[in-house]
Enquirer: 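The structure that follows is given in the form of structure tokens.
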Amino acid sequence: MRLYRTAELELKWILLFLLVLLLGLYLVLRHPVDSPIAREVSLEQIRKQGVLKIVTMNSPATFYNLRDQNSGFEYDLASDFAEFLGVRLDVNVASTYTELIQKVKDHEVDLAAASLTVTEQRQAELEFGPTYDTTRQVVIHRRNSSKINTVNDLSDKSIAVIKNSSYSETLEKLVGNIPDLSFEARDHQSLEDLFQAVTDRDLDLTIADDTLFAYYQRYFPRLEIAFALSDVESIAWGVPRGTDPMLIQEMIRFFNQISENGRLDELKARHRGYLDGYNVLYSPYFLKDIRARLPELRELFKKAASQSGLDWRLLAAVAYQESHWKEDAVSPTGVAGIMMLTQRTAGELEVTDRLDPKQSILGG
């Protein structure tokens, strides 16, 4: 009898062990060991927790922090969507596309708001909301370098792009079809790093979205677009596969609303409007003046800003438009100095010497 009870007890322990083993196997299969247990991504859960979690990238086209305030086209869009849902916004910033996509796949966030191009490879990993913008992939090279007009001209060139980007996906499809075409996919370099490498002649080419390059071109005036590598592509928010359809439906309602009431156009104008009138030929002179002239005037602008309550960079920008920071500037109409004051205005402000930088800046 005692042996029977002992055997029965051992059998129970064995069954319990097998049950735990099967449960563990189920969890491993459902949630791989290299990722955390997935949180539910549903409209109900977002509203219950009162927070919309997004992941984005740090760039002038998506998200950045200026004077301790978050800004950027994607940030403003996501903020509006959070308000639309009646919740607050929680922002995660990924340093690479690999990290960004993994956070979405692991359900660490509700969506990726990072100007993501909708590609075949990404559609296999994520689901996407409605298209709210478009772009084209373009080949970027140094001005006055060898002519590059078609994909066949990419042969035997040193090319690097961001890993897991739409650019690497496009080049992967071209490799094998174009003789001597090869490229590096770099995981821990930004577009800015790659633009600098092309500027320094460490690379022949890189690839970028034309909408992104428009932001960076003023800082890299030696670069230009060679040709378009892709047709027009859709941009949309990415969500984990299996996401609650109600959340995607709310995205559709949201984008329909801001398209109809003009809010989407307003955000595009706010964040991109200043790009339209840009003349790249002015950039080298502007960057040279920043290095040569601005350092001597910086403290004067800051002192004037502290007295006026304005941002010193705004004052410096106005002064540059007026005189290119030339203290002895004089126009044919008689206005003079860094802030180009008229004689009458100078008299009213008790500025005795319009060509004196301190008096001119404080007066201005």
Side-chain angles (χ1 to χ4, degrees), residues 56-64 72-74 94-101 112-122 131-151 153-154 157-175 178 181-236 238 268 271-272 274-276 278 280 283:
T56 188
M57 301 278 282
N58 193 294
S59 85
T62 53
F63 168 82
Y64 55 90
F73 176 66
E74 290 288 350
S95 56
T96 66
Y97 279 112
T98 303
E99 179 188 353
L100 179 137
I101 291 171
S115 294
L116 282 181
T117 305
V118 181
T119 67
E120 290 180 14
Q121 186 173 311
R122 286 173 177 169
T131 297
Y132 59 87
D133 208 352
T134 58
T135 190
R136 292 183 310 162
Q137 296 177 43
V138 292
V139 176
I140 306 299
H141 71 150
R142 189 181 169 97
R143 288 177 180 275
N144 303 319
S145 59
S146 58
K147 289 296 182 182
I148 300 173
N149 299 311
T150 69
V151 290
D153 296 327
L154 302 181
K157 296 290 191 298
S158 60
I159 306 171
V161 295
I162 297 174
K163 187 176 181 179
N164 284 332
S165 63
S166 56
Y167 326 130
S168 62
E169 189 175 335
T170 297
L171 289 177
E172 283 169 6
K173 294 177 181 178
L174 292 175
V175 169
I178 298 176
L181 171 62
S182 63
F183 70 96
E184 289 182 73
R186 299 181 179 178
D187 202 18
H188 293 285
Q189 285 198 315
S190 64
L191 271 178
E192 187 173 346
D193 295 327
L194 296 178
F195 290 152
Q196 189 63 57
V198 177
T199 297
D200 296 339
R201 294 192 172 90
D202 295 329
L203 289 173
D204 293 324
L205 310 168
T206 190
I207 315 295
D209 290 341
D210 58 358
T211 47
L212 287 174
F213 183 61
Y215 285 93
Y216 285 101
Q217 192 174 22
R218 66 194 56 228
Y219 305 112
F220 298 95
R222 292 186 177 89
L223 303 185
E224 67 178 359
I225 295 173
F227 66 92
L229 189 62
S230 74
D231 294 328
V232 174
E233 299 176 309
S234 297
I235 292 177
K268 288 180 179 179
H271 292 285
R272 303 175 187 170
Y274 68 93
L275 300 174
D276 294 338
Y278 171 64
V280 69
S283 278

Enquirer: I need the S182 OG to L171 CG distance, nearest 0.5 Å.
Expert: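 Atom-to-atom, S182:OG and L171:CG are 10.0 Å apart.
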
Enquirer: So, do E184 and Q189 sit near enough that their side-chain heavy atoms are less than 4.5 Å apart?
Expert: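 A side-chain contact under 4.5 Å is absent here.
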
Enquirer: Does K173 reach the side chain of T170, with side-chain heavy atoms less than 4.5 Å apart?
Expert: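 Heavy-atom side-chain distance check fails, nothing below 4.5 Å.
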
Enquirer: Using modelled atom types and a 3.5 Å cut-off, is there a donor and acceptor pairing between side-chain atoms of R142 and backbone atoms of R201?
Expert: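 Pair absent, no side-chain N/O of R142 close to backbone of R201.
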
Enquirer: Show your working on side-chain contact (heavy atoms from CB on, under 4.5 Å) between R122 and T117 and close with a plain yes or no.
Expert: CA-CA 8 Å; R122 286 173 177 169; T117 305; 3.9 Å; yes

Enquirer: Less than 4.5 Å apart, side chain to side chain, heavy atoms only: is that true for L174 and L229?
Expert: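 Heavy-atom side-chain distance check passes, below 4.5 Å.
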
Enquirer: Any side-chain heavy atom of Y132 sitting closer than 4.5 Å to one from K268?
Expert: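 They are not in side-chain contact.
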
Enquirer: Any donor and acceptor pair, going by atom type alone, linking the side chain of R222 with main-chain N or O of R143 inside 3.5 Å?
Expert: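 Side chain of R222 to backbone of R143, a donor-acceptor pair under 3.5 Å: no, none is there.
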
Enquirer: Taking all heavy atoms of I225 and all of I140, pick out the closest pair and write down the distance.
Expert: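 Heavy atoms only, the tightest pair is CG1-CD1, 3.8 Å.
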
Enquirer: Starting at OG1 of T62, measure out to OH of Y215 and round the result to the nearest 0.5 Å.
Expert: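 Here the interatomic distance stands at 9.0 Å.
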
Enquirer: Is the side chain of E169 donor-acceptor paired with the backbone N or O of Q121 at a distance under 3.5 Å, no angle test?
Expert: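 Checked: pair present.
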
Enquirer: Students often mix this up, so state it plainly: with edges at 30° and 60°, are the rings of F213 and F195 parallel, tilted or perpendicular?
Expert: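 It falls in the perpendicular class, over 60°.
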
Enquirer: On a heavy-atom basis, which atom in A61 and which in S115 lie closest, and how many Å separate them?
Expert: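 Residues A61 and S115, closest heavy atoms: O-OG, 4.2 Å.
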
Enquirer: Could you tell me which non-hydrogen atom of T56 sits nearest to which non-hydrogen atom of A113, and how far apart they are?
Expert: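 Shortest heavy-atom contact: OG1-O, 2.7 Å.
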
Enquirer: Please answer whether the main-chain N or O of I207 pairs with a side-chain N or O of Q137 as donor and acceptor at a distance below 3.5 Å.
Expert: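 No, Q137 side chain to I207 backbone: no donor-acceptor pair under 3.5 Å.
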
Enquirer: If I compare all heavy atoms of P60 with all of Y64, which pair ends up nearest, and what's the gap?
Expert: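 Taking P60 first and Y64 second, the nearest heavy atoms are O-CE2, 3.7 Å.
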
Enquirer: Report yes or no: do T135 and T211 form a side-chain donor-acceptor pair below 3.5 Å?
Expert: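 Yes.
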
Enquirer: Are any non-hydrogen side-chain atoms of R186 and D193 less than 4.5 angstrom apart?
Expert: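 Not touching, per the 4.5 Å side-chain cut-off.
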
Enquirer: Can you find a heavy atom in the side chain of S166 that is under 4.5 Å from one in the side chain of D209?
Expert: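 Yes; the side chains approach each other to less than 4.5 Å.
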
Enquirer: With no hydrogens and no angle check, is any side-chain donor or acceptor of T134 less than 3.5 Å from a backbone partner on V232?
Expert: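 Not at all, since once roles are kept as given, no pair shorter than 3.5 Å links the two residues.
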
Enquirer: To the nearest 0.5 Å, tell me how far Y167 OH sits from Y97 OH.
Expert: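 Here the interatomic distance stands at 5.0 Å.
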
Enquirer: With a 3.5 Å distance limit and no angle check, can you tell me whether D133 reaches the backbone of I235 through a side-chain donor-acceptor pair?
Expert: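 Here the side-chain-to-backbone pair does not exist.
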
Enquirer: Between T131 (side chain) and A236 (backbone), is there a donor-acceptor pair under 3.5 Å?
Expert: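 No, T131 side chain to A236 backbone: no donor-acceptor pair under 3.5 Å.
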
Enquirer: A side-chain contact here means heavy atoms from C-beta on lying under 4.5 Å apart; do H141 and E224 qualify?
Expert: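 A side-chain contact under 4.5 Å exists here.
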
Enquirer: Is the count of non-hydrogen atoms from other residues, nucleotides or ligands lying under 6.0 Å from D200 atom CG greater than 12?
Expert: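 Enclosed.
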
Enquirer: Please report the interatomic distance CG(L181) to CG(D153), rounded to the nearest 0.5 Å.
Expert: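 L181 CG to D153 CG: 11.5 Å, rounded to 0.5 Å.
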
Enquirer: What closest approach, in Å, do L100 and A114 show between heavy atoms, and which atom pair accounts for it?
Expert: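 What the structure gives for the nearest pair is CD1-CB, 3.7 Å.
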
Enquirer: Would you say CG of D231 has more than 12 non-hydrogen atoms from neighbouring residues, nucleotides or ligands within 6.0 angstrom?
Expert: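 Open: at most 12 neighbouring heavy atoms sit under 6.0 Å from CG of D231.
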
Enquirer: Would you confirm whether S158, through its side chain, and D204, through its main-chain N or O, come within 3.5 Å as a donor-acceptor pair?
Expert: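 Present.
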
Enquirer: So, taking the atom named CD1 in I148 and the one named CG in L154, what distance separates them when rounded to the nearest 0.5 Å?
Expert: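 Here the rounded value is 7.0 Å.
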
Enquirer: Should T96 and K163 count as side-chain neighbours, where that means a heavy-atom distance under 4.5 Å?
Expert: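 Not in contact.
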
Enquirer: Got a second to check how far F220's CZ is from Q196's CD, nearest 0.5 Å?
Expert: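 Answer for the CZ-CD pair, F220 versus Q196, is 5.0 Å.
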
